[in-house]
**Q** 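Below is a structure I'd like to ask you about.
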Amino acid sequence: MLRRSFSTGLCILLAAGLSLGGCPEEFRIDIDVDDDDDGGFVLNLAGLAAAIGLIQIEDPREVVLPPAIVNQGDTIIINNNVTVIVNAQQDIIVEDVPDRLIVGFENLTEFDVYLKYFADGELQGIFIFSGETLLLEYPCLDEIELLSEDDIDPFTGEFVQGFDLFSVYERTIDFDCGEAFIITIDELDIIAATQSIELLIRP
């Protein structure tokens, strides 16, 4: 395998300039910030949409993997307590947000990607279509460790290339509960960017 090294970058996307414009009542939630501040918050749908582009709507657990992946003994592995987000407005429950982490895998390559990683030590294996972003909602994680990437030709299903990955992302350093943490795979730069987005903001 080739080796690809991902840089760890943290970019907090604040609420400024991201107006949700008359957010419906069902997207409002009251959170006790402190003893003196009990304000209403709304789901930051605009900020999330601006960061991820096209959401992958096909659940990886229902994807028929190409023979190149199956023949090397790999399969889809996603924890049972993980929700695949296909419609952010419908699938993200605002009351649950403070105790959740949405992990997004943005595939900007021309290939479909099979990615393996550890989520708090649990092996995960996912399939991300070219040009799309897979969103997975986990109970808040402490650590994400990327392990490997296999690139598949989306038209023929043939194996193109593989990479060992050496990146570890940690809670409070790279992401935190109540956020969306987006990992971008970009073949042009070879290095993946990361972005952390607050999911609840003041209207």
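Residue numbers run from 1 in the order of the sequence given.
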**Q** Ignoring hydrogens, what is the shortest heavy-atom contact between Leu54 and Gly131? Give both atom names and the distance.
**A**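 Scanning both residues completely, I find the closest heavy atoms to be CB-O, 3.9 Å.
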**Q** Which value, rounded to the nearest 0.5 Å, describes the distance between Leu136 atom CG and Asn79 atom CG?
**A**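 Taking CG in Leu136 and CG in Asn79, the distance rounds to 10.0 Å.
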**Q** Please determine, by modelled atom types, if Gln56 and Asn107 share a side-chain donor-acceptor pair under 3.5 angstrom.
**A**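 No pair is found: no donor N or O on one side chain lies under 3.5 Å from an acceptor on the other.
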**Q** Going only through I, L, V, M, F, W and Y residues with side-chain contacts under 4.5 Å, is there a path from Ile78 to Ile57?
**A**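 Yes, because Ile78 and Ile57 connect within a single hydrophobic cluster, where side-chain heavy atoms sit under 4.5 Å apart.
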**Q** Could you go through Ile183 and Tyr169, starting from their C-alpha distance and side-chain angles, then the distance that decides it, and tell me whether this counts as side chain to side chain contact (heavy atoms under 4.5 Å, CB included)?
**A** CA-CA 10 Å; Ile183 300 172; Tyr169 304 107; 3.9 Å; yes
**Q** Is there a continuous path of hydrophobic side-chain contacts, each under 4.5 Å between heavy atoms, that joins Leu45 to Phe41?
**A**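 Leu45 clusters together with Phe41.
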**Q** Please answer whether the main-chain N or O of Arg61 pairs with a side-chain N or O of Asp59 as donor and acceptor at a distance below 3.5 Å.
**A**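 Yes, the answer is positive, given that a donor and an acceptor are paired below the 3.5 Å cut-off.
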**Q** Taking the side chain as everything from C-beta on, heavy atoms only, tell me whether Phe127 gets closer than 4.5 Å to Leu134.
**A**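 A side-chain contact under 4.5 Å is absent here.
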**Q** Given Asn44, which of Ile197, Leu200, Ile92 fulfils the side chain to side chain contact (heavy atoms under 4.5 Å, CB included) condition?
**A**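 The passing option is Ile197.
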**Q** Once you round to the nearest 0.5 Å, how far does CD of Glu143 lie from CD1 of Ile173?
**A**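 Taking CD in Glu143 and CD1 in Ile173, the distance rounds to 9.5 Å.
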**Q** Is there a path from Val63 to Val70 through hydrophobic residues (I, L, V, M, F, W, Y) whose side chains come within less than 4.5 Å of each other?
**A**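 Yes, Val63 connects to Val70 through the hydrophobic network.
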**Q** Between Gln124 and Tyr138, do the side chains contain an N or O donor and an N or O acceptor separated by less than 3.5 Å?
**A**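 The criterion, which ignores hydrogens and geometry beyond distance, is satisfied for Tyr138 and Gln124.
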**Q** In the structure I gave you, are the side-chain heavy atoms of Ile69 and Ile152 within less than 4.5 Å of one another anywhere?
**A**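 Heavy-atom side-chain distance check passes, below 4.5 Å.
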**Q** Quick one: CZ on Phe163 to CG on Asp150, what's the gap to the nearest 0.5 Å?
**A**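 It comes to 9.5 Å.
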**Q** Report yes if the side chains of Phe181 and Leu141 come closer than 4.5 Å at any heavy-atom pair, otherwise no.
**A**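 No; the side chains remain at least 4.5 Å from each other.
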**Q** Under a single-linkage definition using a 4.5 Å side-chain heavy-atom cutoff for Ile, Leu, Val, Met, Phe, Trp and Tyr, are Val82 and Leu146 assigned to the same hydrophobic cluster?
**A**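 Yes; tracing contacts between hydrophobic side chains, which count when under 4.5 Å, links both residues.
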**Q** Is the backbone of Thr109 close enough, under 3.5 Å, to the side chain of Ser130 for a donor and an acceptor to pair up by distance?
**A**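 Yes; judged by distance alone, with no hydrogens or angles, the pair exists.
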**Q** Give me the atom names and distance for the closest heavy-atom approach of Leu101 to Asp176.
**A**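 The answer is CD1-O, 3.6 Å.
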**Q** If you group Ile, Leu, Val, Met, Phe, Trp and Tyr by side-chain heavy-atom gaps below 4.5 Å, do Phe111 and Phe129 land in one group?
**A**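 Hydrophobic grouping puts Phe111 apart from Phe129.
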**Q** Hey, could you give me the CG/CD1 distance between Leu115 and Ile126, rounded to the nearest 0.5 Å?
**A**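 So the gap between those two atoms works out to 5.0 Å.
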**Q** How long is the gap from CD on Glu145 to CG on Leu123, to the nearest 0.5 Å?
**A**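 It is 10.5 Å, given to the nearest 0.5 Å.
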**Q** Between the side chain of Tyr114 and the main-chain N/O of Ile76, is any donor-acceptor distance below 3.5 Å?
**A**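 Not confirmed, Tyr114 side chain does not pair with Ile76 backbone.
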**Q** What closest approach, in Å, do Cys140 and Asp120 show between heavy atoms, and which atom pair accounts for it?
**A**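 Scanning both residues, the minimum pair turns out to be O-OD2, 4.3 Å.
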**Q** Test Leu135 against every option in Val84, Ile52, Asp91 by the side chain to side chain contact (heavy atoms under 4.5 Å, CB included) rule and name the one that passes.
**A**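 Looking at Val84, Ile52, Asp91, the match for Leu135 under the side chain to side chain contact (heavy atoms under 4.5 Å, CB included) is Ile52.
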**Q** Please check: side-chain N/O of Asp142 versus main-chain N/O of Arg171, any donor-acceptor pairing under 3.5 Å?
**A**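 It does not hold such a pair.
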**Q** Working to the nearest 0.5 Å, report the span between CG of Asp151 and CD of Glu149.
**A**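 Interatomic distance, Asp151 CG to Glu149 CD, rounded to 0.5 Å: 4.0 Å.
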**Q** Using a 3.5 Å distance criterion without hydrogens, assess whether the side chain of Asp174 forms a donor-acceptor pair with backbone atoms of Glu170.
**A**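 Yes, the answer is positive, given that a donor and an acceptor are paired below the 3.5 Å cut-off.
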**Q** Looking only at non-hydrogen atoms, find the nearest pair between Gly157 and Ala68 and report the distance.
**A**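 Closest approach of Gly157 to Ala68: O-CB, 3.9 Å.
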**Q** Mind checking whether Phe105 and Tyr117 have parallel, tilted or perpendicular rings, split at 30° and 60°?
**A**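 It falls in the tilted class, 30° to 60°.
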